[in-house]
2 protein chains.
Amino acid sequence: MNPSKGEQTRRLILDRALTMAGEVGLEGVSIGALAEETGLSKSGLFAHFKSKEALQLEVLQEAITRFTVQVLQPVLATPRGEPRVRRLFDKYLEWIRGDDARRGCIFQKLTSEYAGRDGAVRDRLVQSQKDWRDAIMRAVQGAIDEGHFRRDLDPAVFAHEMLGIAMVFQSAWRLMREADALPRAQAIFDALLARSRSVP
Amino acid sequence: MNPSKGEQTRRLILDRALTMAGEVGLEGVSIGALAEETGLSKSGLFAHFKSKEALQLEVLQEAITRFTVQVLQPVLATPRGEPRVRRLFDKYLEWIRGDDARRGCIFQKLTSEYAGRDGAVRDRLVQSQKDWRDAIMRAVQGAIDEGHFRRDLDPAVFAHEMLGIAMVFQSAWRLMREADALPRAQAIFDALLARSRSVP
DNA sequence: TTACAAAACGACCGATCGTGCTAAATTCGC
DNA sequence: GCGAATTTAGCACGATCGGTCGTTTTGTAA
């Protein structure tokens, strides 16, 4: 068994902590509740991390890693150009919809939580959001280079609009619980794609 | 002095609680910290409310009232049609930028906080967001009726896109602290206006 | 000014917070 | 299977949580 016992436990803790953070935020994940969730004692759990902030940073990093695997990697396996941009959006919506354990985009939750705060967690979060926006812009630039998108299209503006569609989708889906949130978001993104295309 | 002493204190509490809620969320506003902020004792403060949830509901209502006064009312004093839609957006961005005391749009914070939760606070929040979106849609419909906007424009889609622009602005402005967040949001909204106009 | 009501206080409840310490249990290399 | 290293538990700490007392101060109307 290559992964040591400690490492196994560590992964379990981060997994549960990530789920909890999606519900109550990173500050809201208490050591006691997390210990109960994982079946460990409070002190036994705490021994894996030097402080609560260190735990928060590791949970954030876990989220970033999962986002990379579940969204970015599949997208890079898609042909450059408009198809890749499309898939970027689809995978992003899939991420936002989440699954049984992880409901909603945790980055959006953390964005609200850490706007106006300072510290290492915010810094890491800001960097991850910049990276994500850059990834969108690169995909858009690729579509421009392929001749799929207009040459005068601003990738930054496209990214801004796409993020907006996704954020409103998350709000409509998770808070308002509107049934037609998904098709509406897709329709608006289709319109964004349409007006981004180069005239034939 | 018509406003009784109790009412004065009550207003003071709600004012400070609103500021704090903008920073740490409604759940994050603790009775103790709020008491210290207002210079009251914990029990003296708590006596004004039956429970913490009742306090949260009143704080939310206070936010709704202020939004109505600072955003909705000035907009209704603006000529119907595209000018009113423009002003709606400008006033909204102004609200999001906030002032010394209230930094950022508290509704966005609460949207993240109460997505996935249940209860009276969430219900009230959902209703307020629906009301706000309806107000946008009415303004857009007015612009269509005036002949400023295309007749085939979907007010719901316009509202969705406008909310998206505003949400990304808040993220870029408050979390990322990007200096050009405001002009970018305005430019994207200008483009939205441009493609909403009826062809002359 | 007096009498009553409204408002604020201080002390306290059980529970939980993050974080130490030490000791026991477990895992792991040999 | 033994010894060393790692992992976990037990316990305690000061602080704070939302909330409830009974009491005292303050505002207000007659």
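We name chains A, B, ... by the order of the sequence lines, and we start the count at 1 in each one.
Within the 4.5 Å cutoff, no side-chain heavy atoms of B:Leu26 are placed close to those of B:Ile106.
Note on B:Ser30: a side-chain N or O is less than 4.0 Å away from OP1 or OP2 of D:dC17. Taking side-chain N and O atoms only, A:Thr9 has a distance below 4.0 Å to OP1 or OP2 of D:dT8. For the OP1/OP2 pair of C:dA8 and a distance below 4.0 Å, the side-chain nitrogens and oxygens of B:His48 include at least one atom meeting the criterion. Dashed line: the shortest gap from a side-chain N or O of B:Ser4 to OP1 or OP2 of C:dA6 is not under 4.0 Å.
Computed from coordinates, the A:Leu45 CG to D:dC11 C1' distance equals 17 Å when rounded to whole Å. When rounded to the nearest whole Å, the span between CD1 of A:Ile13 and P of D:dT7 equals 11 Å. Rounding to whole angstrom units, CD of residue B:Glu36 and C1' of D:dA15 are separated by 13 Å. Rounding to whole angstrom units, NZ of residue A:Lys52 and P of C:dT19 are separated by 8 Å. A:Leu34 places its CG atom 15 Å from the P atom of C:dT16, with the value rounded to the nearest Å. Atom-to-atom, CZ of A:Phe49 to P of D:dT7 comes out at 12 Å; the value is rounded to the nearest Å. As a whole-Å value, the separation of A:Ile31 CD1 from C:dA15 C1' is 17 Å. Atom CG of A:Leu40 and atom C1' of D:dG10 are 14 Å apart (whole Å).
Along DNA chain C, the nucleotide closest to A:Glu53 and the one closest to B:Gly39 are compared, and the more 5′ of them pairs with B:Gly39.
By the 6.0 Å and 45° rule, A:Arg102 stacks over the aromatic ring of A:Trp95.
Here A:Glu58 pairs with A:Arg10 in a salt bridge; the nearest charged N to carboxylate O distance falls below 4.0 Å.
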B:Thr38 vs B:Thr9, side-chain contact (heavy atoms from CB on, under 4.5 Å): CA-CA, chis, key distance, verdict: CA-CA 9 Å; B:Thr38 52; B:Thr9 307; over 6 Å; no

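Comparing C:dA7, C:dC21, C:dC17 by their closest approach to the side chain of A:Lys42 singles out C:dC17.
Looking at heavy-atom distances under 4.0 Å, B:Ala47 makes no contact with the nucleic acid at all.
With hydrogens and angles ignored, no donor-acceptor pair closer than 3.5 Å exists between the side chain of A:Ser41 and the base of D:dG10.
A side-chain N or O of A:Asp131 and one of A:Gln127 form a donor-acceptor pair less than 3.5 Å apart.
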